[in-house]
Amino acid sequence: MIFRRGRFTDVIERQLDAFAEDEARGLLEEVRDANAKYDRAGRHEAEEIYGDYVDVLEAATEALADMRWRYAGTLDETTAAEYEAAFNRAVQKRWPPLGLEIENR
């Protein structure tokens with residue numbers, strides 16, 4: 001069986017690689033740190049720390065959604081919808097916690 005690469009696979013891979021490089025010491029590091037802090041949290045502080053973790057996830061997801069919208073804005077409506085779906089799937093695969101909300105942005 002031959003698997004066909006998606007129409008936007010290359011551009012999305014490059015976009016996500018650039019995001020990973022740009023945010024390695026930024027949002028992605030904040031996500032890792034917030035998750036680790038939540039994992040270490042005691043019962044009494046876990047709820048507040050989880051809220052901080054969710055805030056960081058939302059910021060990173062919003063940054064990815066902005067990247068997606070900027071590129072989608074250069075495409076016609078039908079093509080943009082195809083690209084957005086492919087982008088969302090790629091985010092869900094690469095960063096599952098960020099992928100949970102990407103479709104809602």
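All heavy atoms count here, side chains included; hydrogens, waters and symmetry mates do not.
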Would you give me the side-chain donor-acceptor pairs under 3.5 Å for residues 90-98, sequence neighbours excluded?
| unit_1 | atom_1 | unit_2 | atom_2 | d |
| --- | --- | --- | --- | --- |
| Q92 | NE2 | G99 | O | 3.4 |
| Q92 | NE2 | E103 | OE2 | 3.3 |
| R94 | NH1 | D17 | OD1 | 2.7 |
| R94 | NH2 | D17 | OD1 | 3.1 |

Keeping R7 on the side-chain end and E82 on the backbone end, is there a donor-acceptor pair under 3.5 Å? no
Can you name the closest pair of heavy atoms from [X] and [Y] and give their distance?
X	Y	answer
I102	A65	CD1-N, 3.9 Å
A80	A72	CB-O, 3.7 Å
A63	F19	CB-CE1, 3.8 Å

Under the side chain to side chain contact (heavy atoms under 4.5 Å, CB included) test, which residues partner D10, sequence neighbours left out? R5, E13, R14
Below 4.5 Å, heavy atoms only, C-beta onward: do L64 and L16 meet side chain to side chain? yes
Is any side-chain heavy atom of I12 closer than 4.5 Å to a side-chain heavy atom of Y83? yes
Answer yes if V54 and L100 sit in the same cluster of Ile, Leu, Val, Met, Phe, Trp and Tyr residues linked by side chain heavy atoms under 4.5 Å apart, and no otherwise. no
Distance from N88 atom CG to E101 atom CD, nearest 0.5 Å? 11.5 Å
Is the closest basic N to carboxylate O distance between E62 and R105 below 4.0 Å? yes
Under 3.5 Å, which donor-acceptor pairs link side chains of residues 39-51 to any protein atom two or more places apart or in another chain?
| unit_1 | atom_1 | unit_2 | atom_2 | d |
| --- | --- | --- | --- | --- |
| R40 | NH1 | A36 | O | 3.4 |
| E45 | OE2 | G42 | N | 3.2 |

